[in-house]
Amino acid sequence: MADPNAQRIWEAALGQLQIHVTKPNYDTWLKDTVGLSVTDGQLIVGAPTEFVKEWLATRMRSLVSQTVGNIIGQPTSVTFEIIGRSGNGHANDDLPLATAAPQSATSSPTPRLRPDPKYSFANFVVGSTNRLAAAAALAAAEHPGEDYNPLFIYGGPGLGKTHLLQAIALQATSGKRSAQYVTSEQFTNDFVTAIAHGRSDEFRRRYRSLQLLLIDDIQFLAGKERTQEEFFYTFNDLHANGCQVVLANDRPPAALLGISSRLRSRFQWGLIADIQPPDTEMRLAILLAKARQQNIGLPPDVAQFLADRTRDNVRDLEGSLNRVVAYARLTNAATITLDIASRALAALTTSANSPPAPETILQAVATYFTISLQTLTSKTRARPIAEARHIAMYLLREDAHLPLKHIGLLLGKRDHSTVIHGVRKVSTGITADQQIAQQLSELRALISR
Ligand code: ADP
Ligand code: MG
């Protein structure tokens, strides 16, 4: 059985980790973990499967240990154990296989994930900055194929695009319509797998028999020409049959790089609706709604404090609320006060203001990729090391704002064109390769400590 103290510490850590890792990463690796026991300098965390345990131990250990160390106030080593599917009341019995297995290794199509009930229209706060997108999404769910087809929703990260797509899927399926939410990455994986197993007919039948197809993060199709072509025909087929297509992306169709012009023009046939960052009233309304959903009393001054410090990302807003709630629980506070909120968020405030020191970046990259600083700055061009070095170049440039020449010197006397090349590789990689984006966000979390 889990030790309540370990569980409390681990919940507080999860509250912080949620802010620092991407949502898919959090949901896949951290969501179903539990704090098992805590002794001097050591915390044992339970993971639902061997696969998750391995991943946490190899890829997240340093981030997790630092987070826990900060919470407890002393260096702590974190180890992971398997809790098994029924070993602990907390483990999720129907943990979908899709989250536990590496996507690219599956031989069958992506299992159909049911939309998450928390992403309902009822839980979506509507205001001036998302009114059009929300209304068009509701119309698409209620009258698929009739009003705006396709509907293209775009907006910055954490502004509710995925929430709206899932809300459409929820609403449509509860009305007995066949609707499918997929990310364009899942669509690509499905397609590639179907081809590899000679099952492209099945793939087509499956996608083309839908009444609503909701595709998230369309930018991932960039540069994938065959998948784009297949998607083009799927789209035409669905559209001709009056089926609703809804797409979401972080930028408008015209700004999609690496997507064929015929697809881009299709995306502009229907309605393009943007979502802008929420204004103050909306931020307050969202905080109060999230607190209500979790049965948490959130005093108005604390809500205002949170709304003032996180402006352009609802995910971060939610993350800061979770962090405050976890901190209040950890310190056994009866109510959430302004004092608790500002203490819970203090670490974030200081790190956000000054650029990180170059040494901190280099050390974090070395730790993260489990190589030594010497290797990172050496002449070796072995691929994993060169890739780690490119990431270091990128962070030194983007976050520490160092001159190219200086970066070259720090990384083993390389000339500035090598640095430009490295930085560029990473910046183009971010949109095409989700893993790079994830690595960067985890690294930034390490660096900001
Ligand atoms: P995106 O896909 O645009 O990056 P998400 O849909 O994942 O963003 O939203 C991030 C988080 O913020 C989710 O937990 C979502 O529920 C929440 N969220 C975003 N906008 C709203 C809103 N208007 N009302 C309620 N929650 C919201
Ligand atoms: Mg999203």
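Just so you know, ligand 1 is whichever comes first in the structure, and atom 1 is the first atom listed for that ligand. Note that these values count all heavy atoms, side chains included, but never hydrogens, waters or copies made by symmetry.
Residues Y368 and E442 bring a donor and an acceptor atom of their side chains to less than 3.5 Å of each other.
In this structure, G155 falls outside the shell of residues with a heavy atom less than 4.0 angstrom from ligand 1.
Checked by distance only, ligand 1 and M282 stay at 3.5 Å or farther apart across all their nitrogen or oxygen atoms. Between G158 and ligand 1, an N or O atom pair is found at a separation short of 3.5 Å.
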Test log, rule side-chain hydrogen bond (donor to acceptor under 3.5 Å, both in side chains), inputs R424 and Y394
CA-CA 8 Å; R424 210 171 275 157; Y394 179 86; over 6 Å; no
Does the side-chain contact (heavy atoms from CB on, under 4.5 Å) test come out yes or no for F152 and V246, once each step is laid out?
CA-CA 6 Å; F152 191 105; V246 184; over 6 Å; no
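At the top of the distance list for atom 7 (O) of ligand 1, counting protein heavy atoms only, stands R315 NH2, 3.0 Å. Looking at atom 21 (C) of ligand 1, its nearest protein heavy atom turns out to be F124 CE1, 3.7 Å. Annotation: atom 6 (O) of ligand 1 to nearest protein heavy atom, H163 N, 2.8 Å. When hydrogens are left out, the protein atom nearest atom 3 (O) of ligand 1 is K161 NZ, 2.7 Å; that is the closest non-hydrogen contact.
Here R204 pairs with E230 in a salt bridge; the nearest charged N to carboxylate O distance falls below 4.0 Å. A salt bridge is defined here as a Lys NZ or Arg NE, NH1 or NH2 lying under 4.0 Å from an Asp or Glu carboxylate O, and D399 with R444 meets this definition. A salt bridge is absent between R283 and D279: the closest approach of a Lys/Arg side-chain nitrogen to an acidic carboxylate oxygen does not fall below 4.0 angstrom. At a threshold of 4.0 Å, the pair R206-D190 counts as salt-bridged, since one of the basic side-chain nitrogens sits closer than that to a carboxylate oxygen.
Closest heavy-atom approach to atom 23 (N) of ligand 1 within the set V125, N313, T162: this belongs to V125.
Close contacts between ligand 1 and V314 involve ligand atoms 12 (O), 17 (C), 18 (N), 19 (C), 20 (N), 21 (C), 27 (C) [criterion: under 4.0 Å to a heavy atom]. For ligand 1 and G160, the ligand atoms under 4.0 Å from any heavy atom of the residue are 1 (P), 3 (O), 5 (P), 6 (O), 8 (O), 9 (O), 19 (C), 20 (N). Those atoms of ligand 1 that come under 4.0 Å of a heavy atom in P157, given as number and element, are 4 (O). Applying the 4.0 Å criterion to heavy atoms of N130 picks out, from ligand 1, the atoms 23 (N).
Contacts between N123 and ligand 1, counted as non-hydrogen atom pairs separated by less than 4.0 Å, involve the backbone only. When non-hydrogen atoms are compared, ligand 1 lies under 4.0 Å from the side chain of K290 (C-beta onward) but not from its backbone. Looking at E318 against ligand 1, only its side chain comes within 4.0 Å, counting heavy atoms.
Note: H239 and F235 have parallel aromatic rings, judged against thresholds of 30 and 60 degrees for the angle between ring planes.
With a 6.0 Å cutoff to the six-membered ring centre and a 45° limit on the axis angle, R262 counts as a cation-pi contact of F232.
Remark: of the listed residues Y181, F203, F220, F203 is the sole one forming a ring-ring contact (aromatic ring centres under 6.0 Å, His included) with F187.
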